[in-house]
Amino acid sequence: MAGPIFDSHAHYLSRQFDGDRQALLACLPAAGVAGVVECATDLATSKAALALAAAWPFMWAAAGIHPESLIEADASTNAEFSGDWKAELAAIAPLLEAEKVVAVGEIGLDYHWPVPKDAQLELFEAQLRLALELDKPVIIHDREAHADVYALLKKYRPKGVLHCFSGAAEDAAWLTAQGLYIGFGGAATFKGAKRAVKAAAAVPPDKLLVETDCPYMAPEPFRGRRCDSRLIAHTAAFLAEVRGEEPEQLLQTTCRNAKALFGLG
């Protein structure tokens, strides 16, 4: 049994798990999974993530508004709030007081999809401010938006994690020096992920996290299939080799780091 696995970023509410969600979650602890943070993308998933975390002792939730929710018709941002993310964020704020909600997330910037930049920036800043007010860590999505994400992280200096990190090793150095954690998932194992490999080698041991972003980005040799927290064992083995560590040691370190970041004792 591999372990302890702490999956710092998951999406078990995805429709891809509708057929077997309960059965899959039930088998995770026996596979060495000690913790999972279920990341929300809007009010609806924030409520559902909290319900999921309440039902499973090894799960915690993050509540927030993902930048893509600004343009997704079925996101509660539009379906329930007609695009008024300020009203939606006001509705999310009370959830952040719940014991099993450990972070504001998943929040950030995404310049890959045609989401209006001004709205994204305003939303991201508002959630950074809210996290600081509540003394909560943030879980940050940064896709093709490094310069603007980094500028806001320098300005607000939140605690938190850059999930699925795709920046350079030099960026990882100053981000971790500022106290932020760096999360790596299955994408780091892909053939073309040379930058991620260099960054993974450079992250200090006490600032490293592992994640799945499941059901997405299963690591090699499972690329293309549905991912779940058990596959972190393969990501950890890859990262351990890159860093010159034992996989078991890396899993223990990243589990300890996740508990420290999310205030879990």
Side-chain angles (χ1 to χ4, degrees), residues 1-66 68-69 72-77 79-80 92 95 98-103 105-106 139 141 161 163-164 183-190 209-239 247-248 250-251 254-255 258-259 262 264:
M1 182 176 91
I5 288 169
F6 197 113
D7 186 350
S8 62
H9 196 111
H11 295 284
Y12 282 109
L13 293 168
S14 164
R15 292 187 187 95
Q16 289 191 42
F17 293 112
D18 283 356
D20 63 346
R21 185 177 293 107
Q22 300 301 313
L24 174 59
L25 292 174
C27 79
L28 292 182
V33 178
V36 174
V37 175
E38 175 70 18
C39 294
T41 55
D42 59 7
L43 176 62
T45 51
S46 293
K47 287 177 176 175
L50 179 52
L52 205 61
W56 298 94
F58 62 92
M59 292 193 83
W60 286 269
I65 307 172
H66 191 290
E68 283 175 53
S69 293
E72 286 175 351
D74 61 349
S76 56
T77 316
E80 191 179 337
I92 286 172
L95 299 179
E99 191 180 348
K100 289 215 87 176
V101 177
V102 294
E106 171 180 359
I139 295 176
H141 173 95
V161 53
H163 114 88
C164 190
F184 292 98
T189 70
F190 298 169
L209 295 178
V210 287
E211 59 169 76
T212 54
D213 201 22
C214 66
Y216 316 108
M217 293 195 299
E220 299 288 3
F222 301 100
R223 186 174 184 177
R225 66 167 255 193
R226 188 184 74 173
C227 188
D228 68 60
S229 301
R230 295 171 295 184
L231 295 184
I232 279 181
H234 297 273
T235 303
F238 176 84
L239 293 172
E248 190 70 23
L250 186 136
L251 285 171
T254 51
C255 184
K259 288 179 176 179
F262 297 121
L264 304 175

[X]: which residues meet the side chain to side chain donor-acceptor pair (under 3.5 Å) condition with it, sequence neighbours left out?
X: S69; result: none
X: H11; result: H9, E106, D213
X: T77; result: E88

Side-chain contact test, heavy atoms from C-beta onward, threshold under 4.5 Å: evaluate it for [X] versus [Y] and give yes or no.
X: R230; Y: I5; value: no
X: L24; Y: R226; value: yes
X: I232; Y: V33; value: no
X: D228; Y: L28; value: yes
X: M217; Y: T212; value: no
X: W56; Y: K100; value: no
X: V36; Y: F58; value: yes
X: C214; Y: Y12; value: yes

Does the side chain to side chain contact (heavy atoms under 4.5 Å, CB included) test come out yes or no for E211 and C164, once each step is laid out? CA-CA 8 Å; E211 59 169 76; C164 190; 3.7 Å; yes
Test your reading of the model: is there a side-chain donor-acceptor pair from [X] to the backbone of [Y], 3.5 Å cut-off?
X: S76; Y: D42; value: no
X: S8; Y: L209; value: no
X: E38; Y: M59; value: no
X: R21; Y: S14; value: yes

Can you tell me how far [atom2] of [Y] sits from [atom1] of [X], rounded to the nearest 0.5 angstrom?
X: L231; Y: D7; atom1: CG; atom2: CG; value: 10.0 Å
X: L95; Y: S46; atom1: CG; atom2: OG; value: 6.0 Å
X: H234; Y: L239; atom1: NE2; atom2: CG; value: 13.0 Å

Nearest heavy-atom neighbours spanning [X] and [Y]:
X: L25; Y: P29; value: O-CD, 3.5 Å
X: A34; Y: P4; value: CB-CB, 3.9 Å
X: A103; Y: F262; value: CB-CE2, 3.9 Å

Are there over 12 heavy-atom neighbours, none belonging to K259, within less than 6.0 Å of that residue's NZ? no
